[in-house]
Amino acid sequence: MRITNNMMLKNYLNNLNSNLTTLTDYQYKVASNKNINKLSDDPVALISIMSANARLQKNAEYQETVQSAIAWLEQTDTAVYQLNEVIQSAYETLVNAANDSMAPEDKASSAAYIAQLRDQVVVIANTQSGSKFLFGGYNVNSKPFVVDSTGKLLYNGYDMMDSANPDLELQKGQSLAFELGAGIVMDISITGVELLGAGEKNVYYVLDKIYDALMNDAPAAELGKYITDLQECQHNVLTTDAKVGGMINRLNLLKNRYEEEELTYREQKSILEDVDLAEAYTNYSMAMTVYNAALKVGTQIIQASILDYMK
Amino acid sequence: MSGIFYGLEIARRGLSVSQRAIQLTGHNVANADTKGYTRQRLVIESVYPNTGSRLAGTFAIGGGAEATSVEQLRSAYIDRQLRGEYASLGEWTTRAEEMQFIESILDETAKTGTLSQALADFYQSVAKLTTDPDSGEVRTNMQQNAIKLCEKLNYYYEKLVDVQNLYNDTIKVQVDQINDKLAQIASYNKEIFAYELGGQTAAELRDRRNLLLDELAQMVSISYSEDDEGRLSVFVEGHLMVEHIEAGRLELVADGTGAVSGTPGYYSVCIYDPATKDVVKDPDTGEPVKIKASGGSLKAYQDLRDGDNVDNVGVPYLMEQLNTLARSLAKSFNEVHEQGYTIPYGGGTSKTGVRLFAVPDDDYANVNAGNIALSADVLESPLNIAASSRPVDLNAEDTQKGNNENALALYALTRSTSIETVSNFQDFLKSFVVQVGITSASAQEMSKSQTIIVDNLESRRESISGVSIDEEMINLVSFQYAYAAASRVLTAVDETLETLINGTGRVGR
């Protein structure tokens, strides 16, 4: 092939240009610390990066939700524990009082103590997490438990004694649910109905009846009946406590899983997205060397001509 | 025997030929860097002995050399090949450059400020709504993130409309340039034809015309033919546009609208008919003949402006993808949102059937990425976000303010894979972004490989037609020696004559 000066120049320029392109590419990678700086850099890797981003995003959302659920349940746990303590005290007081040798005045003072415990139950059932009532179901902003002027305990406006009321039954189902994972929707709140029980076996009413019985100096046989009722209440509360504890354990496991997953996704993403600095810098240096060599050789070839040797 | 001064004549011719060869070498060297220049050679022929000498019966000596013409060293075959490849080169380099521009607008690789990020932020605020449906802050956060998502879609859409309009304007510029080149070619045709009537080659004029054909071939697909008399015809996309000295022109008719965007005043490329002073019309339908370029940068701009399907990805296709996403977002979120109940404020009551995103004229077909916005209700107050599944009454004993059932239903949409037309928003956005990347990457690949083909052909052309300084210098030396030798011949003849004229007839003197 016949080679002309222009061909040499053009080839030289083309090669220089492609060297410079490579050089700029590496330089940009080193500077931005990102492997992919344009959508067209590596569309296939981009799919993986975007998927990893989406998974990380969901992971972060679920971690946050799980965290709020755990905080909520831990406070619930404390309240349920306190409620158990209250029932335990009432139980002990009642067992003491349930003998016929006890003087009526002593029974009256026991009754006063029971009355305090009874009111304490309402306070515990109205426990707040931040500004939210833990046991109000969807009614998180106003006191779910109110004792009206006639001495009835109302839960979200419904008489706790009236266990046949379908509305009260509906309230039982209104516990807060969180989505804690793809498709995992879990009830995380204990409604007041669940906590205290409805109808005859409601903790408040049982304590109230014990109070009345003690005030009326009821015989030991009658008081003994209430012991069974109290035991039943305590059993109910302990079941709730176990349920809450179980949920906390499950959520902690979930939390750990999400944390591990996050690490894995981050690593995947980093492998695709982040520049291996050592490699990038080596590539950059090599490209620089090639560019320098091309410049040197080029200038030598281009300058030479037969004119140098003609007289 | 030939005449006594015949030797002088041969020497004169020798001097003249060398002199012209040196001049032509100078011309070549001077044009070594001229774009489109084709190297020239002097055609030198030896001169026949004159007839008188042959009639004399003896052997005859030739009459030296003479320069008969100047020829250009060019391969019409490579030119033709190149012009075919130029059409692809023009198309793909333009497409590659423009796609890179578009991907810089839709820069989803950035760490912040992307559409993916806006969508993710919106999702996150819906997630928060499920845990704190009663919190004003959470609701405001969701309202703001939804606004941000709408605005990002609006921004992308507006930018794409701008780009589409820009391509429409560029088509006008391209057509003007094509017309200009066609007119120039016709005028060169005229000059070349007139010049060459005398039997000479109009080398420089042909170079310039060839350069114009090269440039034209990069803009639009052309073919051309030259008849025996040297009359050149040029066809643009199969339509005869230059017939010898007559140039036709393309005419722009602003009768179209931008695909998807619906911007009016989009140009169709037609052919001007001087006979009717109107555009050329199809004889069967009576409709103007519209040119859809099959190659060159004009094709790239037409495709980018009008391409609306997956096989021909242009700006309208990208806009339509964004529209689908916006429409689908609005529809799915509204359908769930309408089921829920708002938190009352300012003495009002809990409302249901409230939309999250606005629907112009109650028709989801009117929702697009350019106009997607929050509904007036939700813009008015974030309390109008319907998180509850039952009416909220702040004065009732059971307020239901903490009811998050509808928020959970909204949140379920974020991971749903059965959403109408898009299946999953994030996946849809991902494939959209990746498609932009792949379209751009493949255009760059095509442009690169086309550049290699063209570079190769250009090298072959340069190899034949380009000026080599080394070669010209060596020729120069040879011509210089030839000139010196011819003048030596002249001196020899001169001395011979000196002897003859001044030295003869003086015997015995």
Side-chain angles (χ1 to χ4, degrees), chain A residues 1-7 9-11 14 34 36-44 46-47 49-51 53-54 57-58 60-62 64-65 68-69 72 131-133 136-142 144 146 154-158 171 174 176-179 182-183 185 189 273 305-307 310, chain B residues 32-33 99-100 103-104 106-109 116 120 123-124 127-128 130-132 134 388 390 394 396-405 408 411-412 414-415 426-427 429-431 433-441 443-444 455 458-460 462-464 466-471 473-474 477:
Chain A
M1 199 182 191
R2 182 175 168 268
I3 305 290
T4 71
N5 301 67
N6 272 342
M7 280 164 79
L9 264 175
K10 198 173 170 215
N11 281 340
N14 279 348
K34 267 166 53 183
I36 295 182
N37 293 296
K38 293 200 310 286
L39 301 185
S40 56
D41 279 352
D42 189 348
V44 181
L46 192 63
I47 298 178
I49 292 175
M50 289 187 75
S51 303
N53 274 338
Q57 162 71 24
K58 265 271 166 281
E61 287 165 16
Y62 286 141
E64 206 168 319
T65 311
S68 336
W72 180 276
S131 62
K132 292 186 185 184
F133 291 93
Y138 289 149
N139 179 26
V140 294
N141 300 87
S142 61
V146 179
L154 301 181
Y155 172 64
N156 289 342
Y158 304 106
Q171 287 290 338
Q174 295 209 348
L176 275 179
F178 283 179
E179 180 168 327
V185 179
S189 84
E273 198 176 45
S305 141
I306 193 166
L307 288 166
M310 286 173 80
Chain B
D33 278 333
M99 279 309 300
Q100 278 180 287
E103 67 173 312
S104 76
L106 309 174
D107 186 13
E108 291 290 311
T109 61
S116 326
Y123 279 8
Q124 194 172 19
K128 279 196 186 134
T130 65
T131 57
D132 276 313
D134 56 316
S388 168
R390 301 178 69 197
L394 300 180
E397 269 135 337
D398 180 11
T399 58
Q400 289 288 322
K401 205 179 170 189
N403 186 322
N404 69 347
E405 280 184 34
L408 282 173
Y411 188 50
T414 66
R415 59 173 166 79
Q426 245 161 352
D427 286 350
L429 180 59
K430 186 168 73 188
S431 58
V433 168
V434 168
Q435 194 158 33
V436 175
I438 287 177
T439 309
S440 174
Q444 287 170 47
D455 277 352
E458 279 183 343
S459 279
R460 280 170 64 189
E462 179 69 21
S463 171
I464 295 168
V467 176
S468 159
I469 302 281
D470 291 352
E471 187 184 306
M473 286 305 109
I474 292 163
V477 172

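When heavy atoms are compared at a cutoff of 4.5 Å, Asp42(A) does not approach chain B at all. Only the side chain of Arg390(B) comes within contact range of chain A, with at least one heavy atom under 4.5 Å from a heavy atom of that chain. Heavy-atom distances place both the backbone and the side chain of Thr131(B) under 4.5 Å from chain A. Interface remark: Ile464(B) contributes backbone atoms only to the contact with chain A (heavy atom separation under 4.5 Å). For Ser189(A), no part lies near chain B; criterion is any non-hydrogen pair under 4.5 Å. For Val146(A), no part lies near chain B; criterion is any non-hydrogen pair under 4.5 Å. Of the atoms belonging to Ser68(A), it is side-chain heavy atoms, and not backbone ones, that fall under 4.5 Å from chain B. For Ile36(A), the parts sitting under 4.5 Å from any heavy atom of chain B are the backbone and the side chain alike. Proximity to chain A (any heavy atom under 4.5 Å) is shown, for Asp132(B), by both the backbone and the side chain.
Note that CZ of Arg415(B) is 4.0 Å distant from CD of Glu179(A), once rounded to the nearest 0.5 Å. Note that the CG atom of Leu39(A) and the CG atom of Leu106(B) stand 7.0 Å from one another [nearest 0.5 Å]. Taken from OG in Ser40(A) to CE in Met99(B), the straight-line distance is 8.5 Å, to the nearest 0.5 Å.
Formation of a donor-acceptor pair under 3.5 Å by the Glu61(A) side chain with backbone atoms of Ala127(B) is not found in this model. No side-chain donor-acceptor contact under 3.5 Å links Lys132(A) to the backbone of Asp134(B). A donor-acceptor pair under 3.5 Å is absent between the side-chain atoms of Thr130(B) and the main chain of Phe178(A), judged by distance alone. Panel note: side chain Asn6(A), backbone Asp33(B); no donor-acceptor pair is recorded below 3.5 Å.
Taking all atoms of both residues into account, the shortest heavy-atom contact from Gly402(B) to Asn141(A) is N-OD1, 4.5 Å. Shortest non-hydrogen contact noted between Val434(B) and Ile47(A) is CG2-CG1, 3.3 Å. Of all heavy-atom pairs spanning Gln57(A) and Ala120(B), the tightest one is NE2-O, 2.8 Å. Across every non-hydrogen atom of Glu462(B) and Arg2(A), the tightest pair is O-NH1, 4.0 Å. Of all heavy-atom pairs between Ser459(B) and Asn11(A), the closest is OG-OD1, 4.4 Å.
With respect to chain A, the highest number of heavy-atom pairs below 4.5 Å among Val467(B), Asn403(B), Leu408(B) belongs to Asn403(B). For the set Ala412(B), Ser388(B), Ser468(B), the entry with the most heavy-atom pairs within less than 4.5 Å of chain A is Ser468(B). For the set Lys128(B), Glu458(B), Arg460(B), Glu103(B), the count of heavy-atom pairs under 4.5 angstrom toward chain A peaks at Glu103(B). Between chain A and the options Val433(B), Asp398(B), Thr414(B), heavy-atom pairs under 4.5 Å are most frequent for Asp398(B). In terms of heavy-atom pairs under 4.5 angstrom with chain A, the leader among Asp455(B), Val477(B), Asp107(B), Val436(B) is Asp455(B). When Lys10(A), Glu273(A), Gln174(A), Lys34(A) are compared by the number of non-hydrogen pairs under 4.5 Å with chain B, Gln174(A) comes out ahead. Interface check for chain A: of the options Gln435(B), Gln444(B), Glu405(B), Glu108(B), the most heavy-atom pairs under 4.5 Å are formed by Glu405(B).
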| query | Yes or no on side-chain contact (heavy atoms from CB on, under 4.5 Å) for Lys58(A) and Tyr123(B), after CA distance, side-chain angles and deciding distance? | reply | CA-CA 8 Å; Lys58(A) 265 271 166 281; Tyr123(B) 279 8; 4.3 Å; yes

| message | One pair to check against side-chain contact (heavy atoms from CB on, under 4.5 Å): Tyr138(A) and Thr399(B). What are the steps and the verdict? | response | CA-CA 7 Å; Tyr138(A) 289 149; Thr399(B) 58; over 6 Å; no

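Between Gln426(B) and Met50(A) there is no side-chain heavy-atom pair separated by less than 4.5 Å.
Considering only residues two or more places apart in sequence or on other chains, Ser142(A) meets the side-chain hydrogen bond (donor to acceptor under 3.5 Å, both in side chains) condition with Asn139(A). The side chain to side chain contact (heavy atoms under 4.5 Å, CB included) search around Ile469(B) returns Asn5(A), Leu307(A), Val29(B), Ala32(B), Met473(B), not counting sequence neighbours.
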